[in-house]
Protein chains: 2
Amino acid sequence: MTETRLRADSARTVLAILEAAERTLNRKPTATMEEIAAAAGVARTTVHRRFATREALLDALTTWAAQQLADAVDAARPEATPPLIALYQATTNVLAVKLSWGFAMNTALAPGNEAERIQAAVVERCDALFARLAEANILRPGITPLWCRRVYYALLHEVCQDANANPDTELDTDAVATQVVETLLHGVGTPGTTL
Amino acid sequence: MTETRLRADSARTVLAILEAAERTLNRKPTATMEEIAAAAGVARTTVHRRFATREALLDALTTWAAQQLADAVDAARPEATPPLIALYQATTNVLAVKLSWGFAMNTALAPGNEAERIQAAVVERCDALFARLAEANILRPGITPLWCRRVYYALLHEVCQDANANPDTELDTDAVATQVVETLLHGVGTPGTTL
DNA sequence: ACTACTTGCATCACGAATGTTGCAAGTAGT
DNA sequence: ACTACTTGCAACATTCGTGATGCAAGTAGT
């Protein structure tokens, strides 16, 4: 394994390709290498030089996005700050990443992918955070941390999809994060209403 | 336009193909006509006789699923019964359909598709139901019906995805519907907790 | 300035999926 | 039983996406 170091321009090209892949595949998941290359402003052959196969490109893309996500979670210090603060901070950070890498984060990852490991680690930290919230009696009794995470992920996914459908209107990440956390904790109903 | 009536066996074949397409594409969205035909137990040429192109098949599939959904909503009589009852009933009915036609309901529909019209009508009825809930003070002030529907759809999508990932464990539709409605209204948090 | 790397372009090979057609066998409906 | 429809099978043409290669021009880094 000769670790060839990348020349500066080449590194820029790789990033451009990844970003173009994200943008293009987000709009059309069946987009071809040709289209991705065009969006990146390079020739198709250049893409193939950097990523031997389409699968290799997808792998790199998902791994890259997963790493961005993990970094966003890290930045919120979810095990150091009070759980509610951490939840809010993490939500804000994650939203920013998910908005830029929506496709890469929702695409099914190939088994054995590095991204799988990273995402699993994020899930674990998320569950740990919800466990801390449960300990602090912030979660309603009978609610499992698993269900919490699922609802939380679903809400995050929803707001990102929506933002993605309206690319013109730029949105206030903080406001959206608040809305997500509020809804996660209290839903949309008046307190005390039951079936 | 000569409306050729279908022979009984042919009608059965068409349904088998639609169901096979749903099943197959749900597991692998890039499945080929060949695979769909195999899953339906027919030859590939037969599929092409019923649906001229792949796009035509997808169109028929999404339209069929949308109609099933609309029927499920109908059966709940959402404008006749008290809104909370209707919400619960509709959730139960919709869940059953969404579990069987998950792919067809989440796939992006081609513009001008009949399914588009039907789904839009369902959305309208959904919004109307949430408007009734708001009138009955069951919705928290400041919560828009639009946000309600988005959260509601997200929760439905989430539980279906989960059920889909675990096809072995059959689930209690009523219990899941309750969980969805409960979470929609009250979230996962203890009442009174704020940021 | 010199060298090594990178890129664009043209071209080719290959495989896979789509869509079509003709024919023979079988089945629904009368 | 008779007819019309439907199906399976085999074969074919075509298109499209993928991946590889050789060569000339250009650029980064020293």
Side-chain angles (χ1 to χ4, degrees), chain A residues 1-62 64 103-104 107-110 113, chain B residues 1-62 64 103-104 107-110 113:
Chain A
M1 281 284 192
T2 30
E3 269 293 322
T4 319
R5 213 169 327 177
L6 289 182
R7 223 169 65 179
D9 54 351
S10 168
R12 255 180 291 125
T13 303
V14 169
L15 235 180
I17 292 174
L18 286 178
E19 291 173 344
E22 164 61 35
R23 252 179 296 133
T24 310
L25 292 171
N26 198 9
R27 286 190 227 129
K28 201 218 280 188
T30 63
T32 68
M33 295 295 225
E34 184 76 49
E35 295 173 283
I36 295 173
V42 300
R44 187 173 64 93
T45 45
T46 301
V47 178
H48 273 109
R49 282 202 194 89
R50 295 297 155 201
F51 306 97
T53 70
R54 183 194 181 84
E55 198 194 342
L57 172 59
L58 268 293
D59 260 39
L61 179 59
T62 51
W64 170 264
F103 169 82
T107 195
L109 5 94
N113 191 335
Chain B
M1 281 283 190
T2 31
E3 267 294 321
T4 319
R5 214 169 326 175
L6 289 182
R7 223 168 66 177
D9 54 351
S10 167
R12 255 179 291 125
T13 303
V14 169
L15 235 180
I17 293 173
L18 286 178
E19 289 172 345
E22 164 61 35
R23 249 179 299 133
T24 310
L25 292 171
N26 197 8
R27 285 190 228 128
K28 201 218 281 189
T30 64
T32 68
M33 294 295 206
E34 184 77 48
E35 296 174 282
I36 295 173
V42 298
R44 186 173 64 90
T45 44
T46 301
V47 178
H48 272 108
R49 282 203 193 87
R50 294 298 154 200
F51 306 96
T53 72
R54 183 193 181 84
E55 198 194 343
L57 172 60
L58 268 294
D59 259 40
L61 179 60
T62 51
W64 171 264
F103 170 82
T107 195
L109 4 94
N113 190 337

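Here is how names work: the chains are called A, B, and so on, in the same order as the sequence lines, proteins then strands, and each is numbered from 1.
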Going by heavy atoms closer than 4.0 Å, what residues in residues 42-60 of chain A are next to DNA chain D?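 Heavy-atom contacts with DNA chain D come from R44(A), T45(A), H48(A), R49(A), A52(A), T53(A), R54(A).
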Any donor and acceptor pair, going by atom type alone, linking the side chain of [X] with main-chain N or O of [Y] inside 3.5 Å?
X: T62(B); Y: D59(B); value: yes
X: E22(A); Y: F103(A); value: yes
X: T46(B); Y: V42(B); value: no

dT6(C) P sits how many Å from I17(A) CD1, rounded?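 The distance from CD1 of I17(A) to P of dT6(C) comes to 12 Å, rounded to the nearest Å.
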Rounded to whole angstroms, how far apart are CG on D9(A) and C1' on dG26(D)?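 So the CG-C1' distance, D9(A) to dG26(D), works out to 10 Å.
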Taking Watson-Crick (N1-N3 plus N6-O4 or O6-N4) and G-U wobble (N1-O2, O6-N3), each under 3.5 Å, can you produce the dot-bracket string of DNA chain C? Use [ ] for crossing pairs and | for inter-strand ones. ||||||||||||||||||||||||||||||
Side-chain N or O of S10(A) closer than 4.0 Å to phosphate OP1/OP2 of dA28(D):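 So the side chain of S10(A) is outside the cut-off, no N or O lying under 4.0 Å from OP1 or OP2 of dA28(D).
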Starting at the 5' end of DNA chain D, which residue's closest nucleotide do you reach first, T13(B) or R12(A)?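 Comparing both residues, the 5'-ward one is T13(B).
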Measuring from atom NZ of K28(B) to atom CD1 of I36(B), what distance do you get when rounded to the nearest 0.5 angstrom?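 Reported to 0.5 Å precision, the distance equals 10.0 Å.
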In the structure I gave you, are the side-chain heavy atoms of [X] and [Y] within less than 4.5 Å of one another anywhere?
X: I17(B); Y: T13(B); result: yes
X: F51(A); Y: V14(A); result: yes
X: M33(B); Y: L57(B); result: yes

I need the residues from residues 20-36 of chain A with at least one non-hydrogen atom less than 4.0 Å from DNA chain C; give them sorted by number, or say none.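 Heavy-atom cutoff 4.0 Å gives no residues at all.
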Between R12(B) and D9(B), does the side-chain contact (heavy atoms from CB on, under 4.5 Å) criterion hold? Intermediate values first, please. CA-CA 5 Å; R12(B) 255 179 291 125; D9(B) 54 351; 3.8 Å; yes
Tell me, with the steps shown, if R44(A) and T32(A) meet side chain to side chain donor-acceptor pair (under 3.5 Å). CA-CA 10 Å; R44(A) 187 173 64 93; T32(A) 68; over 6 Å; no
Under the side-chain contact (heavy atoms from CB on, under 4.5 Å) rule, what do T30(A) and L25(A) come out as? Steps first, then yes or no, please. CA-CA 7 Å; T30(A) 63; L25(A) 292 171; over 6 Å; no
